[in-house]
Amino acid sequence: MASERDVRARLQRSGQEHLLRFWAELAPEPRAALLAELAPLEPEALREHCRRAAEACARSPGPPPGLAARLRPLPPERLGRASRSDPKTRRRWEEEGFRQIALNKVAVLLLAGGQGTRLGVTYPKGMYRVGLPSRKTLYQLQAERIRRVEQLAGERHGTRCTVPWYVMTSEFTLGPTAEFFREHNFFHLDPANVVMFEQRLLPAVTFDGKVILERKDKVAMAPDGNGGLYCALEDHKILEDMERRGVEFVHVYCVDNILVRLADPVFIGFCVLQGADCGAKVVEKAYPEEPVGVVCQVDGVPQVVEYSEISPETAQLRASDGGLLYNAGNICNHFFTRGFLQAVTREFEPLLKPHVAVKKVPYVDEEGNLVKPLKPNGIKMEKFVFDVFQFAKNFVAFEVLREEEFSPLKNADSADKDSPCTARRALLAQHYRWALQAGARFLDAHGAWLPELPCSPPNADPPAICEISPLVSYSGEGLEVYLQGREFQSPLILDEDQARELQPQQP
Ligand SMILES: CC(=O)N[C@H]1[C@@H](OP(=O)(O)O)O[C@H](CO)[C@@H](O)[C@@H]1O
């Protein structure tokens, strides 16, 4: 283990010796913990990290000057549309996607290192229950969609196949996530096909470039953003694991979208048939200030401009058809070939520029008191997963329907958007639509017909509660055998047991 002297000397070189200012008061155990935390910080890198943070913070907040003039919408040839394509084309994409899945060439990778601060929970977001009748968590829904897509691909191609699930966690989420998966028996996935790995943490820094002490014996550390993925892939030899398994295509997604389609065959097939090395799913932005990044071009190169970095004037610009000019909302669902990820980890990662987030970071003051600041006092530096798009040789975007594929869980129920309540409604409304399309009808408690969609306002509960297990249907397929011409009273919970009961008996 590194000695206090070594660590102190290194900290001096990076201008951060204040981190040991409570050393004399610490007992042996906290001393060891602090040294263990400080020892891996390279002096030059730490000095540079602090310098960049202070410098970025000194610049005026908001979009970089001149950005607006460099932006253009994505050209139409880079944009595919799931909803506006003819059924034959869609089917071709889907078939290709299933073919690749059946060949075991597709993996999913979950970005789950975030701390869920806006949602206000102390545990990983994936463990959250939005209040579905089944009481399923986000993790469970995702696991079941993986199982179902494996099954569908396997049935089509007469084979058994696997979609490995890579889960990037952080120091904050690894322990509880791993335990949760174990407690739930990996949701009946083979644990050998669930690979958890940890992203790095970086110290939070004050506005004048000093690393913050959270306690006398602990540095305030934060995950390095979802773009920390690329270092983490390298740190944990994840691309080698993919290569061993024969994985060629990776669907990367973030944990909070309740409607996420894992390894979506339509998206995968579209990207593969386009010969893309990198792709992003998008939805039409709902309103100019919506907190989603926009997929566009900067100086002719595909990029995402994050919602925190676009000016309100630019976000409000209209195209000639009256719609938003920057309309392609990023839903954090990305496609990468393994080859592209390899090029990123080997070559491009150091070129990714960190973004600055100004946050309230609890700290210990000069007298040793713990302080919970009321105003932002610290800087966290984060890389963004989509910042690698600029290095793609063939980038494509793929537009999907919001109501079918995007309802993120960001805030607590006190907010009117992107909350547990809106996520639950989005899922239940979707399942109600699927059930009606499959020929079900719903009755109220008095036996009267309940209305069919679309009739309920977007923010209301659907007329009947209907929840369909992902193990029964991945994206609305195959429901007619259970539902066609049948009447149900709300709630209908169509899980595997219920499906067996509803299945027509073979003579
Ligand atoms: C760095 C990053 O990936 N930001 C993403 C991500 O935003 P967060 O606010 O960080 O959750 O998810 C949004 C979609 O939910 C997407 O629009 C945005 O661009």
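Only heavy atoms go into these numbers, but all of them, side chains included; no hydrogens, no water, no symmetry mates. The structure displayed is predicted, hence computed values, not measured ones. Numbering of ligands and ligand atoms starts at 1, following listing order.
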For the residue pair F180 and H184, does the interplanar ring angle fall in the parallel (under 30°), tilted (30 to 60°) or perpendicular (over 60°) class?
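The rings of F180 and H184 sit tilted, inter-plane angle from 30° to 60°.
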For [X] and [Y], does a side-chain donor sit closer than 3.5 Å to a side-chain acceptor?
| X | Y | answer |
| --- | --- | --- |
| Q430 | E404 | yes |
| Q274 | N394 | no |
| N333 | R261 | no |

Tell me whether C332 has any N or O atom under 3.5 angstrom from an N or O of ligand 1.
no
Pairs in or reaching into residues 268-298: which pass ring pair (Phe, Tyr, Trp, His ring centres under 6.0 Å), with residues at least two apart or in two chains?
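Those involving residues 268-298 are W93-F270, F270-F398.
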Suppose I only count heavy atoms of [X] and a 4.0 Å limit; which atoms of ligand 1 are within that range?
| X | answer |
| --- | --- |
| F406 | 14 (C), 15 (O) |
| N226 | 1 (C), 2 (C), 3 (O) |
| V292 | 17 (O) |
| R118 | 8 (P), 9 (O), 11 (O) |
| Y307 | 7 (O), 8 (P), 9 (O) |

How about F186 and W165: are their ring centres within less than 6.0 Å of each other?
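No, the ring of F186 stays outside the 6.0 Å limit from the ring of W165, centre to centre.
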Does some side-chain heavy atom of I101 sit less than 4.5 Å from a side-chain heavy atom of P265?
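Yes - at least one pair of side-chain heavy atoms lies under 4.5 Å apart.
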For a 4.5 angstrom cut-off between non-hydrogen side-chain atoms, does V358 reach F207?
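V358 vs F207: side chains touch.
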Which is it for H355 and ligand 1 at heavy atoms under 4.0 Å: side chain, backbone, both or neither?
neither
Just heavy atoms, cut-off under 4.0 Å: does N257 contact ligand 1 by side chain, backbone, both, or neither?
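Neither part.
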Heavy atoms only: which of E309, E306, K410, K285 is nearest to atom 12 (O) of ligand 1?
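Minimum heavy-atom distance to atom 12 (O) of ligand 1 goes to K410.
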Below 4.0 Å from ligand 1: does a non-hydrogen atom of E382 turn up there or not?
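Per 4.0 Å heavy-atom rule, E382 does not contact ligand 1.
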Which residue owns the protein heavy atom closest to atom 17 (O) of ligand 1, what's the atom, and how far is it?
N330 O, 2.6 Å
